[in-house]
Number of protein chains: 2
Amino acid sequence: MDFKDIDRLAAIVSHRDIDPGQVIFEEGETAEYAYNISRGEVRLYKLLPDGRRQITGFLGEGDFLGLVSDSTYAYGAEAMTPVELCSMRLTNLERLLADIPPVREKLLDMSRDELAAAQEQMLLLGRKTAREQLLSFLLHRLDQAESDAPESKLHLPMSRTDIADYLGLTIETVSRTFTALRDEGLIELPDTHTVVLPELEAVREAAGAF
Amino acid sequence: MDFKDIDRLAAIVSHRDIDPGQVIFEEGETAEYAYNISRGEVRLYKLLPDGRRQITGFLGEGDFLGLVSDSTYAYGAEAMTPVELCSMRLTNLERLLADIPPVREKLLDMSRDELAAAQEQMLLLGRKTAREQLLSFLLHRLDQAESDAPESKLHLPMSRTDIADYLGLTIETVSRTFTALRDEGLIELPDTHTVVLPELEAVREAAGAF
DNA sequence: CGAGCTGTTGACATTGCTCAAATTTCGTGG
DNA sequence: CCACGAAATTTGAGCAATGTCAACAGCTCG
């Protein structure tokens with residue numbers, strides 16, 4: 001991307017702050033903006049008519065949000081922490097993308113990565129036990145964080161409810177499984193939102209590969 | 001796409017026949033070819049080390065297969081029926097795609113559609129009951145088939161085992177749920193691989209929206 | 001200090017799984 | 001076309017993992 005392109009991009013972005021728990025957009029809503037997360041953590045989810053929720057992913061700093069081709073969002077998005085978004089009108093963005101091939105390449109790659117992650121999650125939801133699911137989840141978070149976190153210490157910004165809705169479980173099962181893993185010595189729980197994995201090898205084994 | 005492009009495309013495709021049950025490629029294998037399905041039905045799946053299987057999708061005539069960006073396939077693929085494939089070397093294909101913008105656009109759209117389908121499947125796997133899953137599955141198949149099948153009659157080329165591995169259930173649960181739905185009058189089962197949905201409205205209701 | 005979350009734990013219910021057997025379907029050879 | 005064996009499907013009985021409902025504990029914020 002050269003300077004001219006960067007200028008064009010800068011011209012169409014603006015800023016948006018979201019409080020924790022606030023909806024960024026809802027499933028089915030007409031898609032007007034796409035976002036890049038400057039700061040904070042976001043959950044994506046789908047709902048059934050009776051309120052059952054499946055969280056389809058967690059996003060963090062640097063991730064893109066709402067890049068859809070048809071006119072509505074396929075899922076809802078909510079801030080889990082204070083979030084700063086860099087927002088772009090989809091119409092402007094599409095026009096821009098059409099002109100900058102490397103960006104389109106990147107977009108396709110990102111989309112394929114997301115798809116691979118979604119398929120991994122299907123395997124988790126369809127075929128793993130609660131214990132394997134939770135361990136896989138922790139390993140996955142650890143992989144993503146690995147850059148800044150030095151050892152196997154992990155911060156979980158989301159609530160037990162969010163974890164449950166991500167793994168297709170209830171909060172009680174998540175809580176019990178955390179306790180069981182702690183009692184086995186596979187994990188440590190210094191506080192509710194912090195997990196330490198002292199035996200990575202054993203955890204990988206017990207998660208059913210990952 | 002103009003004639004020149006079509007010629008270039010024709011120059012790099014070749015043909016491959018696969019027998020039912022044969023592996024087309026395996027997860028983790030180095031990705032050499034991408035395919036388009038000329039005829040037949042294919043299942044995509046991921047495996048756990050102990051053999052548990054999650055089918056991530058069923059593909060049919062016209063669908064693309066193995067379009068990956070990194071060097072290995074993210075899932076395995078097997079023929080469910082006799083399959084005819086139109087195969088292309090990924091290296092050639094990538095070079096070609098780089099030159100034909102509309103094809104790339106199409107590819108990105110397809111990838112996004114697949115992602116939306118994957119998220120819908122996560123909702124199904126994580127939050128729906130066996131009954132809702134099976135009904136959702138039937139409605140989904142019906143939607144896809146809708147073009148040629150006149151009424152609500154549906155052919156299921158896959159085995160009960162495949163359906164179970166797609167829905168994250170066991171074959172026994174699939175079988176029992178089929179029977180229960182038949183006894184309730186929500187579906188008819190003229191034979192094992194044929195389902196009739198005489199009350200589409202009621203089915204949609206019972207599937208938890210779709 | 002009390003109200004209201006969030007998370008944990010307990011007792012029990014239920015869905016879906018496991019193991020086993022009966023039944024049907026289907027391919028193959030006579 | 002029929003018979004036979006193998007495979008797929010269905011059905012049954014009991015069980016285990018996970019869900020439901022309820023009580024309790026810990027923390028945060030006014």
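Here the structure is a predicted model, which is why all the values come from computation and not from measurement.
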Check nucleotides 23-30 of chain D against the protein and report each pair of N or O atoms closer than 3.5 Å, with its distance, or say if there are none.
none

Quick one: [X] [atom1] to [N] [atom2], roughly how many Å, whole number?
{"X": "A:L125", "N": "D:dT18", "atom1": "CG", "atom2": "C1'", "value": "15 Å"}
{"X": "B:D191", "N": "C:dC26", "atom1": "CG", "atom2": "C1'", "value": "12 Å"}
{"X": "A:L134", "N": "D:dA17", "atom1": "CG", "atom2": "C1'", "value": "15 Å"}
{"X": "A:R52", "N": "C:dT15", "atom1": "CZ", "atom2": "P", "value": "13 Å"}
{"X": "B:R131", "N": "C:dT15", "atom1": "CZ", "atom2": "P", "value": "12 Å"}

Closest-nucleotide ordering on DNA chain C, the 5'-leading residue of B:Q133 and A:L189: A:L189

Side-chain (A:K46) to main-chain (A:A74) donor-acceptor, under 3.5 angstrom: yes

Under 3.5 Å: donor-acceptor pair, side chain of B:H193, backbone of B:L156: yes

Donor-acceptor side-chain pairing of B:T30 and B:S71 below 3.5 angstrom: no

Approximate separation, where rounding is to 0.5 Å, of A:E27 CD and B:L123 CG: 8.0 Å

Distance below 4.0 Å between A:H193 side-chain N/O and C:dT6 OP1 or OP2: no

Pairing residues for B:D183 by the side chain to side chain contact (heavy atoms under 4.5 Å, CB included) criterion, not counting sequence neighbours: B:T179

Residues touching DNA chain D, which here means a heavy atom under 4.0 Å, drawn from residues 156-184 of chain A: A:G168, A:L169, A:T170, A:E172, A:T173, A:R176

Ring geometry between A:Y35 and A:F25 (parallel below 30°, tilted from 30 to 60°, perpendicular above 60°): parallel

NZ/NE/NH1/NH2 to OD/OE distance under 4.0 Å, B:R104 and A:E105: yes

Beyond-backbone contact of B:Q144 with B:F58, side-chain heavy atoms, under 4.5 angstrom: no

